[in-house]
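Input: a single structure, listed below in structure tokens.
Ligands are counted one by one from 1 in listed order, and the atoms in each one are counted from 1 as well.
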Amino acid sequence: MSRVVLSVGGSLINPGKVDVLFLQKLAKLVNALSKEFQFAVISGGGTPAREYASAVRALGGNEFVADEAAILMTRANAFIAASALGERAYPGVMEDFNRAAEAVAVAERRVVVMGGTIPGFTTDADAALLAEKIRARRLVNLSNIDAIYDRPPRRAGAKKFSRMTHSQLVKLANEYDMRKAGTHFVFDNIACKIIARSKMETHFVNGKDLKQVEAAIRGGKHDGTTVK
Ligand code: UTP
């Protein structure tokens, strides 16, 4: 069975409070497609991760500790995603790649769920690494941004990429990185480099639009961006 890693943005799971309806709909889709694909889900941190990290900083904690707090919140989101999947979820939230890969290997019909791993990373990079590790057929990034654009999407004249190569993506992520804070690229720099080195087919879609998500899972045409 083809393996597909779903990287679910924290802003979809918890934009301020847990979006139960979104998780139920996503779980329904994952369940329906589990006859054809084996899924692993990585959850982002969303608002709680940011809140906890800044609370740690306000209390005098350093960046490493702030990241540790944020990771706990990505895992809390993963736990909630697993709850939506019920029996379909492999028991427990995975905390490292080897354990996750082992679970993927032994339980083809279950969905392995994971949050963040080590400080200094993002769940984009975690998703890219897990996809690499388990030799996923493709990686699908679900976020509240519908595709990759050549400049911040709200800026005038922004052009959407329907398809792009890995090297185009790495170049664009780098350009964003050099700009001032506040221009947050869809997928972090390290994650872009990881999918590039493994030539991982990656799709960027609006995670709220489950028709788009399904098309991406199948490797078909959609309104987002396909990188390959
Ligand atoms: P996210 O991957 O959700 O970061 O991890 P993000 O870029 O803020 O994404 P959105 O806004 O949710 O889509 C949340 C935070 O958790 C820590 C980092 O502090 C990150 O900003 N984290 C996550 C790690 O330190 N290591 C990880 O492996 C994952």
Side-chain angles (χ1 to χ4, degrees), residues 5-19 22-23 26 40-59 61-82 93-101 112-134 139-149 152-154 169 172-174 176-177 179-195 202-209 213 224-225:
V5 173
L6 302 179
S7 177
V8 186
S11 51
L12 293 174
I13 299 172
N14 190 330
K17 66 179 185 125
V18 177
D19 190 341
F22 164 71
L23 287 170
L26 181 64
V41 171
I42 307 272
S43 301
T47 307
R50 273 189 290 278
E51 269 179 24
Y52 274 67
S54 54
V56 165
R57 286 185 200 107
L59 292 165
N62 62 26
E63 288 304 310
F64 187 101
V65 185
D67 275 352
E68 286 185 309
I71 289 170
L72 289 172
M73 304 323 285
T74 65
R75 290 179 180 157
N77 282 343
F79 188 87
I80 298 288
V93 172
M94 300 297 130
E95 297 188 359
D96 72 81
F97 295 102
N98 286 335
R99 283 260 296 123
V112 168
V113 177
M114 189 167 156
T117 55
I118 58 160
F121 264 45
T122 66
T123 53
D124 292 346
D126 294 317
L129 285 167
L130 184 65
E132 194 172 57
K133 171 95 181 160
I134 66 170
L139 166 60
V140 180
N141 188 68
L142 286 66
S143 72
N144 53 13
I145 297 162
D146 68 334
I148 293 175
Y149 291 80
R154 266 185 242 127
L169 178 73
L172 194 62
N174 252 320
Y176 264 74
D177 222 35
R179 287 186 197 142
K180 291 207 171 74
T183 54
H184 190 64
F185 192 55
V186 187
F187 211 50
D188 86 32
N189 234 320
I190 297 171
C192 291
K193 286 187 180 144
I194 294 162
I195 62 165
T202 304
H203 299 258
F204 294 86
V205 289
N206 172 0
K208 286 243 167 179
D209 186 342
V213 176
T225 303

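No heavy atom of Ala53 sits closer than 4.0 Å to any atom of ligand 1.
Side-chain contact check for Ile145 versus Phe204: every heavy-atom pair is 4.5 Å or farther apart. Side-chain atoms of Val140 and Ser7, non-hydrogen and from C-beta on, never get closer than 4.5 Å to each other.
In terms of modelled atom types and a separation under 3.5 Å, the side chain of Asp67 and the main chain of Gly120 share a donor-acceptor contact. Under a 3.5 Å cut-off, the side chain of Asn77 and the backbone N or O of Gly44 do form a donor-acceptor pair.
In this comparison of Ser7, Gly46, Gly116, the heavy atom closest to atom 12 (O) of ligand 1 sits on Gly46.
The protein heavy-atom contact nearest to atom 23 (C) of ligand 1 is Phe121 O, 3.5 Å.
Set against the non-hydrogen atoms of Asp126, the atoms of ligand 1 under 4.0 Å away are 27 (C), 28 (O), 29 (C).
Neither the backbone nor the side chain of Glu68 comes within 4.0 Å of ligand 1, counting heavy atoms alone.
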Start with the C-alpha gap between Asn14 and Thr47, add the side-chain angles, then the distance that decides, and say whether side chain to side chain donor-acceptor pair (under 3.5 Å) holds. CA-CA 6 Å; Asn14 190 330; Thr47 307; 4.7 Å; no
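At least one N/O-N/O distance between Ile118 and ligand 1 falls below 3.5 Å. Polar contact with ligand 1: absent for Thr74 (N/O pair, distance under 3.5 Å). Residue Gly44 has no N or O atom closer than 3.5 Å to an N or O atom of ligand 1. Between Gly9 and ligand 1, not a single N/O pair is under 3.5 Å apart.
Counting only heavy atoms, the protein never gets under 4.0 Å from atom 9 (O) of ligand 1.
A side-chain contact (heavy atoms from CB on, under 4.5 Å) with Lys193 is found for exactly one of Ile195, Asn189, Ile190, namely Asn189.
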